[in-house]
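Written below as structure tokens is the structure these notes are about.
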Amino acid sequence: MGFATEQSIKNGRMKLFDDTIDKTKNWLPQDGTVNYYGKVFNQKEADHYLEKLLNNIEWRNDEAIIFGKKIVTKRKVAWYGEKPFEYTYSKVTRRALWWTAELLELKNSIEKETGETFNSCLLNLYHNGNEGMAWHSDEEIDLKKNGAIASLTFGAERKFLLKHKQTNEKVDMILEHGSLLVMKDRTQTFWLHRLPTSKRIIQPRVNLTFRTIVR
Ligand SMILES: O=C(O)CCC(=O)C(=O)O
Ligand SMILES: [Mn+2]
């Protein structure tokens, strides 16, 4: 069950959250695969990682070039990996920092859980519900084509939406504190995703998307 330690199960502290979640369910009706693993960390572990990530990551404001203009987002970002990979999106190139201890731990955990491998991670810090992410897909040239993207959430629970590029069909999900979502196969080619804003949310959320860079 998730990454619950034997000790935490023995102590009975840990509710086996994900018994009801079918990790093999494909949330997309066609043209890709999205699996939701639910909470793969218990409350204590998830709180621990949220705190570590808020404090130990080199958060920076994100820059993007949109309609030829440079903008700086309120949301913060960071980019880590096993090599100083360069990764370009929204026309800005970033160079990866070397993994931190927590990121390596998290990478190992999700590799075990999903059977996939990853060599880099893009992190987003949304200070509250006023910050979100617009419709996009993660299909930059630097990313492995149809590679799996594993998304971990710590902090505020937020809605996550997917929309088919041709049919406009929508799928909406809730990403919980300590949860794991995997997007793979043709998902990025056929679907957009976004994180809508919500005025009611006042807590921060950290999202990690583990990816595979091929260049
Ligand atoms: O915050 C999220 O859940 C989504 C982040 C995302 O889509 C991205 O970083 O490309
Ligand atoms: Mn994305």
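Throughout, residue positions are numbered sequentially from 1 according to the sequence presented. In each ligand, atom 1 is the first atom listed, and ligand 1 is the first ligand listed. Basis for what follows: all heavy atoms, side chains included, without hydrogens, waters or symmetry-related copies. A quick note: this is a predicted structure, and the numbers were derived from the prediction, not measured.
At the shortest separation from atom 9 (O) of ligand 1 among protein heavy atoms lies N124 ND2, 2.9 Å. Here the protein heavy atom with the shortest distance to atom 5 (C) of ligand 1 is N207 OD1, 3.4 Å. Closest protein heavy atom to atom 3 (O) of ligand 1: R205 NH2, 2.8 Å. Atom 6 (C) of ligand 1 has as its closest protein heavy atom M133 SD, 3.5 Å.
Atoms of ligand 1 found under 4.0 Å from any heavy atom of Y126 (numbered from 1 in listed order, with element): 1 (O), 2 (C), 4 (C), 5 (C). Here is the list of ligand 1 atoms found below 4.0 Å of a heavy atom in D138: 10 (O). The R211 neighbourhood of ligand 1 comprises atoms 8 (C), 9 (O), 10 (O), with distances under 4.0 Å to a heavy atom of that residue. Every atom of ligand 1 with a heavy atom of H193 under 4.0 Å away is listed here by number and element: 7 (O). Numbered from 1 in the order shown, with element, the atoms of ligand 1 that lie under 4.0 Å from a heavy atom of L122 read 9 (O).
A donor and an acceptor atom, one from each side chain of K165 and S137, are located under 3.5 Å apart. Side chains of D22 and T24: a donor-acceptor N/O pair is present below 3.5 angstrom, by distance only. Defined by atom type and a distance below 3.5 Å, a donor-acceptor pair is present between the side-chain atoms of E169 and T167.
The distance from the OG1 atom of T209 to the CE atom of M183 is 7.0 Å, given to the nearest 0.5 Å. Between atom OH of residue Y37 and atom CD of residue E176 there is a gap of 15.5 Å, rounded to the nearest 0.5 Å. With rounding to the nearest 0.5 Å, the separation of OH in Y36 from OG in S151 is 9.5 Å.
Salt bridge annotation for R94-D142: absent, with no cationic side-chain nitrogen under 4.0 angstrom from a carboxylate oxygen.
At least one heavy atom of H136 sits less than 4.0 Å from an atom of ligand 1.
Our summary of the site lists the angle at the Mn ion (ligand 2) between NE2 of H136 and OD1 of D138 as 80°, to the nearest 10 degrees.
For K159, the NZ atom sits in a loose shell: 12 or fewer heavy atoms of surrounding residues, nucleotides or ligands are nearer than 6.0 Å.
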